[in-house]
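For reference, the structure is listed below as structure tokens.
Any value given below was found using the heavy atoms of this structure, including those in side chains, with hydrogens, waters and symmetry copies removed. Along the sequence shown, the residues carry numbers beginning at 1.
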Amino acid sequence: MSDHSNRIKLEDQWKAVLGNEFSKPYMQKLRKFLLAEKSSGKQIFPPGDEILQAFNLTPFANVKAVIIGQDPYHGPGQAHGLCFSVKPDVRVPPSLVNIYKELEDDLQIPPPSHGYLKAWAERGVLLLNAVLTVERNKPASHQNQGWEEFTDQAIKELNDRREHLVFILWGAYAQQKGRVIDREKHLVIESSHPSPYSANRGFLGSKPFSKTNHYLQSKGMVPIDWRL
């Protein structure tokens with residue numbers, strides 16, 4: 001992705017797994033699209049050096065669980081490359097409020113005062129949006145430009161090369177994205193989306209955090225510390 005931004009760096013383990021993607025036609029098309037958007041003066045989120053943050057904070061071999069989001073927050077200062085997460089000084093978004101509500105109900109972990117999920121990423125939770133960029137104030141504006149193919153490949157590589165991962169799929173979009181996952185090799189946890197519009201239709205009370213840890217422990221792995 002060197003033409004798009006010299007600042008974009010991909011963590012070495014992920015580079016070994018996904019490096020070939022950057023020379024494929026879809027990625028070259030995506031790079032041109034992003035350059036054209038930027039050249040026309042549009043503001044793109046997250047900043048260039050944070051687009052691949054999910055991969056950089058959670059190396060391939062460290063992944064224990066994967067949470068799949070749709071696309072980045074489109075308000076100024078919100079998106080920083082991890083799905084559902086915002087920087088510490090940004091108001092906690094409604095979906096994350098519900099995630100925290102479920103976390104407290106499930107594991108008795110009180111909600112933090114911030115929405116910064118970096119600690120989860122550093123402990124092995126890949127916080128992956130399906131689409132990695134967005135235009136300011138235009139949700140879903142970068143869908144169907146190529147990012148979905150890149151993140152599909154990331155999910156496929158995890159599915160194929162790793163064992164005993166937990167894929168947490170909230171809502172129909174994430175569940176469709178996770179259709180390639182081998183449920184004999186991995187645990188898939190599905191529920192409605194934590195958005196205020198759907199959280200009461202199966203997300204609240206679904207206990208994804210304890211289910212994840214029980215599964216990891218049953219496979220002889222260290223559970224995830226979900227505290228923030």
For [X] and [Y], which I'm curious about, is there any donor-acceptor pair between the side chains at under 3.5 Å?
X	Y	value
Thr133	Trp147	yes
Ser141	Lys42	no
Gln145	Tyr26	no

Is the closest basic N to carboxylate O distance between [X] and [Y] below 4.0 Å?
X	Y	answer
Lys156	Asp152	no
Glu122	Lys118	yes
Glu190	Lys211	no
Asp225	Arg227	yes
Lys29	Glu149	no
Asp49	Lys9	no

Could you tell me how the ring of [X] sits relative to the ring of [Y]: parallel (under 30°), tilted (30 to 60°) or perpendicular (over 60°)?
X	Y	answer
Phe84	His193	tilted
Trp170	Phe203	perpendicular
Tyr116	His80	tilted

Lys185 atom NZ, over 12 foreign heavy atoms within 6.0 Å
yes
Do other residues, nucleotides or ligands put more than 12 heavy atoms under 6.0 Å from Asp160 CG?
yes
Determine whether a donor-acceptor pair (N or O, by modelled atom type, separation under 3.5 Å) exists between the side chain of [X] and the backbone of [Y].
X	Y	value
Gln70	Cys83	no
Lys87	His114	no
Ser192	Ser198	yes
Arg183	Val188	no
Asn56	Glu11	yes
Arg179	Gln176	yes
Glu21	Phe150	no
Glu104	Lys101	no
Asp106	Phe209	yes
Glu163	His186	no

Just to verify, which of Leu96, Val97, Asn98 counts as forming a side chain to side chain contact (heavy atoms under 4.5 Å, CB included) with Tyr100?
Leu96
Using side-chain hydrogen bond (donor to acceptor under 3.5 Å, both in side chains), reason through Gln153 and Glu157 one step at a time and then give a plain yes or no.
CA-CA 6 Å; Gln153 189 62 29; Glu157 295 290 352; 2.9 Å; yes
Gap separating the [atom1] atom of [X] from the [atom2] atom of [Y], nearest 0.5 angstrom:
X	Y	atom1	atom2	value
Gln28	Lys24	CD	NZ	11.5 Å
Ile68	Leu128	CD1	CG	6.5 Å
Ile67	Thr212	CD1	OG1	7.5 Å
Ile155	Leu169	CD1	CG	8.0 Å
Leu82	Glu50	CG	CD	8.5 Å
Gln53	Asn129	CD	CG	12.5 Å

Assigning hydrophobic clusters by single linkage (Ile, Leu, Val, Met, Phe, Trp, Tyr; side-chain heavy-atom cutoff under 4.5 Å), is [X] placed with [Y]?
X	Y	answer
Ile44	Leu132	no
Ile189	Tyr173	no
Leu117	Val131	no
Phe60	Leu52	yes
Trp120	Trp14	no

Mind listing the closest non-hydrogen atom pair of [X] and [Y] along with its distance?
X	Y	answer
Thr151	Lys177	OG1-NZ, 2.7 Å
Pro76	Asn137	CD-OD1, 4.3 Å
Val86	Arg91	CG2-O, 3.9 Å
Pro196	Pro94	CG-CB, 3.5 Å
Leu165	Tyr215	O-CE2, 3.8 Å

Among Glu135, Arg136, Glu37, Lys138, the one residue meeting side-chain hydrogen bond (donor to acceptor under 3.5 Å, both in side chains) with Gln43:
Arg136
